[in-house]
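Scroll down for the structure; my scribbles are underneath it.
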Amino acid sequence: MKTNLLDFTLAELSDYFLSTGEKKYRAKQVFKWIYENRISSFQEITVLPVNLREKLEISACPGNIKIKKKNISNQTNTIKYLHLLSDKKSIETVLISEAKRKTVCISTQIGCALRCRFCATGMMGLKRNLTAGEIVEQVLSIIKDSKENITNIVVMGMGEPFHNYDNVMKAINIFSDENGLSIARKRITISTAGIVPAIKRYADEGNKANLSISLNAVSDEKRKKLMPIGRTYPINDLISSVRYYTKKANKKVTFEYILIDGINDSVEDANKLAKLTGDISCKINLIPFNPIGNKYNRPSDEKIDKFFRVLSSSNIQVNLRWSKGEDINAACGQLVSFS
Ligand code: SF4
């Protein structure tokens, strides 16, 4: 099997070149051509001697995923890509365009083990983790196809990123490398359902990408029903790990709260949410639920507005986020691939 060079950080690529009898500086040349010139074949790297290009063609590849399908939402300037992987499994990736801001929402697993009740990906169960190269190539593939200058990455697609911790961290290293895509870590956001030990590890390792917590309920009873991970990590433990992160990283955290009709959208819920997060350096994103054909519904505009006003009157930084791409099932919680 060919070695996928997208699996390597620049340092690892240098080691790979040295281990195959090549000079270290060749690794930097190849890295730059992969990420800056977006080559599809090593033959395109004209700065390399012909024999090295041929050697690479035989032993390695600059990625191995393909676009199988594209759904375009003209209403919201959103494109959902179905990417085909080398084992014929597929994943979804979304490009969201808002003026100059071009955001790619990437997947980190095929399916997800956490089975959150409001999420289509959770209905699939977990098939497997993505490799670092498969995570990275989703962004490269969209850059090549759309010709857009990608400004932001959100790790909020299929999968729980902290269940594929090492590959996700490696992908962030690759995205932010100034010899490659050079997307600053402050423009990358990882969203977790709340894996408490991983939040602490992330804080300890000092990764500068942003952190977002999918909270969605303010009592353990409700959270366990919506998010089975709540049985393992109660809200108190989750909040303690978030406090630890905000202090250690000296950064704000974002809480995502999906509003579901009659489940977590009462004024009482909003007051409890304000109390729970009031002394944490944070902002809250309220996301009206995107239907996925199960028993849950989106609250009325009036209820959403009331919930929002309770938080904003408590001096909490709160945003109402209407997900993009609902009409093509590309919105939060709607990503799924059955193959
Ligand atoms: S919301 Fe995230 S963590 Fe929960 S099932 Fe969906 S992909 Fe997994």
Would a 4.5 Å heavy-atom cut-off, applied to side chains only, mark [X] and [Y] as touching?
{"X": "L181", "Y": "L140", "answer": "yes"}
{"X": "M227", "Y": "R115", "answer": "no"}
{"X": "L52", "Y": "Q29", "answer": "no"}
{"X": "L5", "Y": "F8", "answer": "yes"}
{"X": "I45", "Y": "R26", "answer": "no"}
{"X": "L273", "Y": "F307", "answer": "yes"}
{"X": "K252", "Y": "Q317", "answer": "yes"}
{"X": "R117", "Y": "P228", "answer": "yes"}

Smallest separation among heavy atoms of [X] and [Y], with atom names:
{"X": "I304", "Y": "P299", "answer": "CD1-O, 3.6 Å"}
{"X": "I110", "Y": "S90", "answer": "CG2-O, 4.0 Å"}
{"X": "S107", "Y": "E92", "answer": "OG-O, 2.6 Å"}
{"X": "G159", "Y": "P161", "answer": "O-CD, 3.5 Å"}

Can you run down the salt bridge (Lys or Arg N to Asp or Glu O under 4.0 Å) pairs that involve residues 158-185, sequence neighbours left out, and say none if there aren't any?
E12-K170, D166-R201
Salt bridge (Lys or Arg N to Asp or Glu O under 4.0 Å) partners of residues 303-318, not counting sequence neighbours, each pair once
D261-K303, D265-K303, D305-R309
Applying ring-ring contact (aromatic ring centres under 6.0 Å, His included) to Y35 and not counting sequence neighbours gives F31
Are the side chain of [X] and the backbone N or O of [Y] linked by a donor-acceptor pair below 3.5 Å?
{"X": "N173", "Y": "T9", "result": "no"}
{"X": "K55", "Y": "T20", "result": "yes"}
{"X": "N77", "Y": "E98", "result": "no"}
{"X": "N294", "Y": "Y296", "result": "yes"}
{"X": "E44", "Y": "I39", "result": "no"}
{"X": "N179", "Y": "K28", "result": "no"}

Are [X] and [Y] in one and the same hydrophobic cluster, where Ile, Leu, Val, Met, Phe, Trp and Tyr link if side-chain heavy atoms are under 4.5 Å apart?
{"X": "L126", "Y": "I229", "result": "no"}
{"X": "I199", "Y": "I280", "result": "yes"}
{"X": "F42", "Y": "L18", "result": "no"}
{"X": "I263", "Y": "V267", "result": "no"}
{"X": "Y244", "Y": "V253", "result": "no"}

Considering residues at least two apart in sequence or located in another chain, which fulfil the salt bridge (Lys or Arg N to Asp or Glu O under 4.0 Å) criterion with D237?
none
Only counting residues at least two apart or in another chain, list the ones meeting salt bridge (Lys or Arg N to Asp or Glu O under 4.0 Å) with K248.
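Result, salt bridge (Lys or Arg N to Asp or Glu O under 4.0 Å) vs K248: D204.
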Would you say S41 and E57 are linked by a side-chain donor-acceptor pair, where the criterion is simply a distance under 3.5 Å?
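Short answer, yes.
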With distance as the sole criterion, is a donor-acceptor pair present between the side chains of N216 and R223 under 3.5 Å?
no
Should E134 and R128 be marked as a salt bridge (charged side-chain N to carboxylate O under 4.0 Å, His left out) after you check the CA-CA gap, both sets of side-chain angles, and the distance that decides it?
CA-CA 12 Å; E134 288 168 336; R128 72 168 171 86; 3.0 Å; yes
With under 30° as parallel and over 60° as perpendicular, where do the rings of Y202 and F162 fit, or are they tilted in between?
tilted
Residues that K251 engages under side-chain hydrogen bond (donor to acceptor under 3.5 Å, both in side chains), provided they are two or more places apart:
N210
Paired with Y257, the side-chain contact (heavy atoms from CB on, under 4.5 Å) test is passed by just one of N285, I287, N264, I213, namely N264
